[in-house]
Structure formats: C-alpha cells, structure tokens
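Some notes on the structure that comes next.
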Number of protein chains: 2
Amino acid sequence: MNRGRTTDKNPIPSVWAREQRRTDQPALSREAIVREAVAMLDADGIEALSMRKLGARLNAGATSLYRHVATKDELMELAVDEVAAEIHVPPADSPDWRAAVTEAAESFRTTALRHPWLTLVLGQAGLAYLGPNYMSFSERLAALFTAAGFPEPSRAIETVFSYVMGMSNAEAAWLTTVARSGETEAGFIARLMPAAQRAAADHTHLAIPHAEVEEATTEPAALRDTKFAYGLEVVLDGLALRLPK
Amino acid sequence: MNRGRTTDKNPIPSVWAREQRRTDQPALSREAIVREAVAMLDADGIEALSMRKLGARLNAGATSLYRHVATKDELMELAVDEVAAEIHVPPADSPDWRAAVTEAAESFRTTALRHPWLTLVLGQAGLAYLGPNYMSFSERLAALFTAAGFPEPSRAIETVFSYVMGMSNAEAAWLTTVARSGETEAGFIARLMPAAQRAAADHTHLAIPHAEVEEATTEPAALRDTKFAYGLEVVLDGLALRLPK
DNA sequence: TCGGCTGTGCGTACAGTGTTCGCAACGAAG
DNA sequence: CTTCGTTGCGAACACTGTACGCACAGCCGA
C-alpha cells in the first residue's frame, strides 16, 4: 500500500526503524499510470475511476500521480490516445475503398465497444485530442478517402464518422447498462421486453417486428452487428454517389 | 437563502425569535426544479450543476430537492425529457418525406446545440429515456418513416439519428469549449489556426483547404450548417436507394 | 377548538472527490 | 560529503451526492 518510510503508525523519527523503499514494483511512470487507468476504466466504468483508487492499484498514494500527470482530465486524454492506437485503418492504396472504409469503421466500433468510455470522453472534450495515435488515425483516414478520389475528403470522413460515433456511442451506453445489471445481454432483453411492449402499446408505430424480438433475445450481438453494417452501407452508398466517376 | 425557522446563527430555541416561512416565492415543485436545472445546465454547463447550487437558486436547501426528485440522475432524465419537447417532427402525412426528415433532423440538432449537455446525457444512459416527450418524439419519427414507405423504419431511423447524434454531439462539444474560452467562435478559431496548421504539417493529408479556413474564420456557424446538411443529404441519398419504388 | 397525521423544508453529517502544499527521502553530480 | 533536482506522499481544503431525523404547516375528523 505504501512504499516505505515513516508510515504505518510509526511516528518515531528513527532512521533504523524505517522500512526500505520497495523496489520489486516497477517505479511509477506516466505509461504505467495510463495503462492501469485504461484497465480500471474498462473493468469498472468511467465513474469508478478515481485518483485515489488508481493510486492504490499502483501501490502509490493518490497525490503521487500528479508528479506524472497534470490533472485527471489530462489523464483521460492520455487514456483516449492510448486506446486510439488499437484502431486499424487500412493503407491508402487499398484496391477497394468501400471495403477499406468498412474495415476502419468496424475497427473503430470494436475499439469503442471494448472501451465503452471512449465515446463519452471524446464527446466531452470537443477537440484537443491531438495525441499522436489519434492524429495518425485521422491522417490515415484522410489518406484513404483522398486516394478513393473524394474531392472533399474531410466532408466524407465527417459524415461516415459521425454515423460511426453515434452508433458506437449508443451501443456502448447500452452495453454499459447491461453490464451494470449483471445479466447477459439476452437475459436483460428478455426481462425488459414486457415493459417495452407495454410502453409501446400506446404508440402505434413503435411496434417491434416479431423477427426482431426473436433475434434480440437469442443473438443480440449478431443483431447489433447487422444494424451497424446496415447503416454503414447506407452512408457509403450515399457517398459513392458523390464520387466523380 | 433559507426559508425561515431557527437558522442564521440563532440557536435560541424560542418560538418568538423565529422567522416566518417566506411564502412570496412559489413553492418548490418538481416542475420548477427541472426548469431551473435546465436553465443552469444551459448557462454553465453540465459539471457546474450541483444540488446545492440548484437549491440555492430556488431559495431552498440542497436536500429539500430530494422531496421531489429521487436522485440527481433522475433529475437529469427529467431535464432530458423537458427539452425533448422542443424537438419538432413534421406529421406523417407530409408530402415530401425527405423534407420532413430533414426538418426533424435539423430540429434535433438545433435543440442539441441550444442545450449542449443533451447528447452527453443521452449517451451516458443507454436506454430508459422513456419520458413522455422522448417517447412521442420516437413515435412521430416512426410514423414519418413508415408513411414514407420504408419496410424497416427502425433501421432507417437508427441510421439517420446515429448520424445526427454523432454530428450534434461533436458540434455541442466544440461549442462548449468555445464558450469556455470566453471568445467568439471566429476568434477562437483564428487563435487556434496556427497551432492546427503546425500540427497538420507532418501529416500530408490533413491539410485544410484555403477556402475552408477562410469560411471558418468569418462565418463558422454557417460552415457548420453546411457540413451538417451535406452529411444529412448523403445519408438520405443512401436511404432513398432502399425505398421500394 | 382540539388533536393527530401527512407532507415539506432543511441542518447536520458521512463518505467520497480532485487537487495543493510542504516535507521527507532518494540518486546523481560536484 | 555536500548539494541539488526529482519523486512520493500525508494532511488539508473545498467540494460533491445523499441519508437521517427533527421542526413546522396545513388539513381532516372529532
């Protein structure tokens, strides 16, 4: 818990009674802090991360972290850039731009669902995510869309990734509440369905097709995959129309 | 600040020294609380809202609010539903479905920018926003897309509103940081441009077209309008392809 | 007119938060 | 050996959301 010295109810200021600084644990470092923060965020959600708990998991005091990180917000930015490295964007010279963009979009979604706090933090900050990994992600995207022949690649990118962000954010939020319930996704849906049906009863157009109910209660993850892919195809179709032929 | 009784450093338990309860202020009510919460959220942002400050603005103590609202999270849900009433969705029998959907999308965006905390709260909760106004918003959308002839209206809705949410969220976050800077949007951009240019210098494909820079520093709001409309057209084009003719 | 009941306000308190400050201990350099 | 810059951290501050229990107001039946 502590790293030595005069603690543990030993107020005698004696050099001899002093514990040695433990060196078996690797020293506190920015990298280690960020890595552990990401682990905690993934495991327990965004509101479970506190500087004190994070310090404890690193066998350090809370305030020690401030030697390596200016503020908690900065730590979150670093965490975002850390996981941004996981997003894979195919090289610009890919033969099929649609396949390449689809791959990038799905990679983003996968990352966002693996770290369900990602979209939340991204949405809170507005800009400034100019970390190296996030920058290179943007750069690779720009290269991809430019090579595809879009005259205004930034517009196309913004369109696709607004959709991807919106969808991923909604999915991540959903998965978070499912996780908090302690149930499996299918079980959670099954338990919620009656209430949903009742709520939709007064609203004629909100009825859920039977096939959808069926799939939602048996293979919810697959259904989400399908939905995401559907919307992505829609957006890509719309973009394809704007590609000078 | 307080509503009477033995306070203000008057520990003498005398009935005579007691102030009367003030009745000139309207009584605390759920509606008043939610209304004031929305006002505070709009004015000072999401992290500036605390139960104590909210209570103070209502001439009440912080804990008094809990007589009308179970928890702060519930208050946020109520706030979301409150502003959801501002979103306008045209009736289902509109002659031009594209125009109608565009109107709904722009109304959502306008509302989200007027209350920049909206998308944040929506993204944090995952579901459960089953308040009456949000429900009727969903219902009206469903009616609109059904009338337009979409065989799977929920898919189409999800696609459009993922885009709208993603875009609005990004814009809201941007406007929030601009507001925090205390500058105008154009001024903020002008001040940031050199840093952005420098950051993009190493990344060949991230160069910003000169025309865009020009417009961003003169009419940033109009540029955002244009960008939003562009992406929306893309999505609607993609959807139109799936409309059985 | 008199209870008593119910609903409402809120002072106090608790456990937690992010962050500042100053001190103590260390490794390296002179 | 002394000095110096770096690192860890205990204590403290100003907050946060919220549970608890008391004090009062208005009302309803007697």
Side-chain angles (χ1 to χ4, degrees), chain A residues 1-23 25-33 37 40 44-77 79 124, chain B residues 1-33 37 40 44-77 124:
Chain A
M1 192 58 67
N2 64 69
R3 298 175 67 83
R5 301 221 320 287
T6 57
T7 57
D8 278 338
K9 304 284 170 283
N10 185 4
I12 306 163
S14 158
V15 198
W16 316 112
R18 202 166 284 139
E19 313 170 23
Q20 283 302 316
R21 182 176 292 225
R22 289 169 51 192
T23 49
Q25 289 280 348
L28 218 48
S29 75
R30 175 176 266 208
E31 289 75 28
I33 292 173
M40 286 192 69
D44 304 323
I46 196 167
E47 75 281 357
L49 179 71
S50 82
M51 299 302 270
R52 275 174 245 263
K53 287 183 203 151
L54 179 56
R57 278 190 43 149
L58 288 159
N59 290 329
T63 60
S64 306
L65 307 174
Y66 285 89
R67 291 283 173 196
H68 304 88
V69 152
T71 179
K72 195 192 181 185
D73 285 353
E74 184 184 299
L75 174 58
M76 296 303 280
E77 288 190 35
Q124 221 140 12
Chain B
M1 195 58 66
N2 64 70
R3 297 176 68 81
R5 301 225 318 288
T6 57
T7 58
D8 279 337
K9 306 283 171 284
N10 185 5
I12 307 163
S14 157
V15 197
W16 317 111
R18 202 166 284 138
E19 313 169 22
Q20 285 300 318
R21 182 177 292 224
R22 289 169 52 192
T23 49
D24 51 339
Q25 289 280 347
L28 219 48
S29 75
R30 174 177 264 201
E31 289 75 28
I33 292 174
M40 285 191 69
D44 304 323
I46 196 167
E47 76 281 357
L49 179 71
S50 80
M51 298 303 270
R52 275 173 245 263
K53 286 183 204 150
L54 179 57
R57 277 186 48 146
L58 288 160
N59 289 330
T63 59
S64 307
L65 307 174
Y66 285 90
R67 291 284 175 197
H68 308 269
V69 153
T71 179
K72 194 190 181 186
D73 285 353
E74 183 184 299
L75 174 59
M76 296 303 281
E77 289 190 35
Q124 220 140 14

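A note on names: the letters A, B, ... follow the listed sequences, proteins ahead of strands, and every chain is numbered from 1.
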- Query: Given the rule in the side chain to side chain contact (heavy atoms under 4.5 Å, CB included) test, do B/Leu75 and B/Leu54 qualify, once you have shown the distances and angles that lead to the verdict?
  - Reply: CA-CA 11 Å; B/Leu75 174 59; B/Leu54 179 57; 3.6 Å; yes
- Item | From CA spacing to verdict: side chain to side chain contact (heavy atoms under 4.5 Å, CB included), B/Met51, B/Thr63 | CA-CA 8 Å; B/Met51 298 303 270; B/Thr63 59; over 6 Å; no
- Task: Any chance you could lay out the side chain to side chain contact (heavy atoms under 4.5 Å, CB included) test for B/Asp44 and B/Leu49, step after step, and finish with the verdict?
- Result: CA-CA 8 Å; B/Asp44 304 323; B/Leu49 179 71; over 6 Å; no
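Across the protein-nucleic acid pair, B/Arg30 atom CZ and C/dG9 atom C1' stand 17 Å apart, rounded to whole Å. In this structure, CG of A/Leu28 is placed 13 Å from C1' of D/dT6, rounded to the nearest angstrom. Remark: P of C/dA25 and CZ of A/Arg67 are 15 Å apart, rounded to the nearest angstrom.
Here the closest non-hydrogen pair linking B/Glu74 and B/Val69 is OE2-CA, 3.9 Å.
In this structure, the helix from C/dT1-D/dA30 to C/dG30-D/dC1 shows an angle of 20° between the axis at its start and the axis at its end, each fitted on 5 base pairs and rounded to 10°.
From B/Arg52, atom CZ reaches atom CG of B/Leu65 across 11.0 Å, with rounding to the nearest 0.5 Å. Between the CD1 atom of B/Ile46 and the CE atom of B/Met40 there is a distance of 12.5 Å, given to the nearest 0.5 Å. Note: B/Gln124 CD to B/Met76 CE = 8.0 Å, rounded to the nearest 0.5 Å.
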- Heavy atoms under 4.0 Å is the rule here; annotate nucleotides 11-20 of chain D 5' to 3' with B where the base is hit, S where only the sugar-phosphate is, and - elsewhere. BB---BBBB-
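Within the structure, the salt bridge (charged side-chain N to carboxylate O under 4.0 Å, His left out) test picks out no pair touching residues 58-71 of chain B (sequence neighbours left out).
Proximity of A/His68 to the phosphate of D/dT6: no side-chain N or O atom is located under 4.0 Å from OP1 or OP2.
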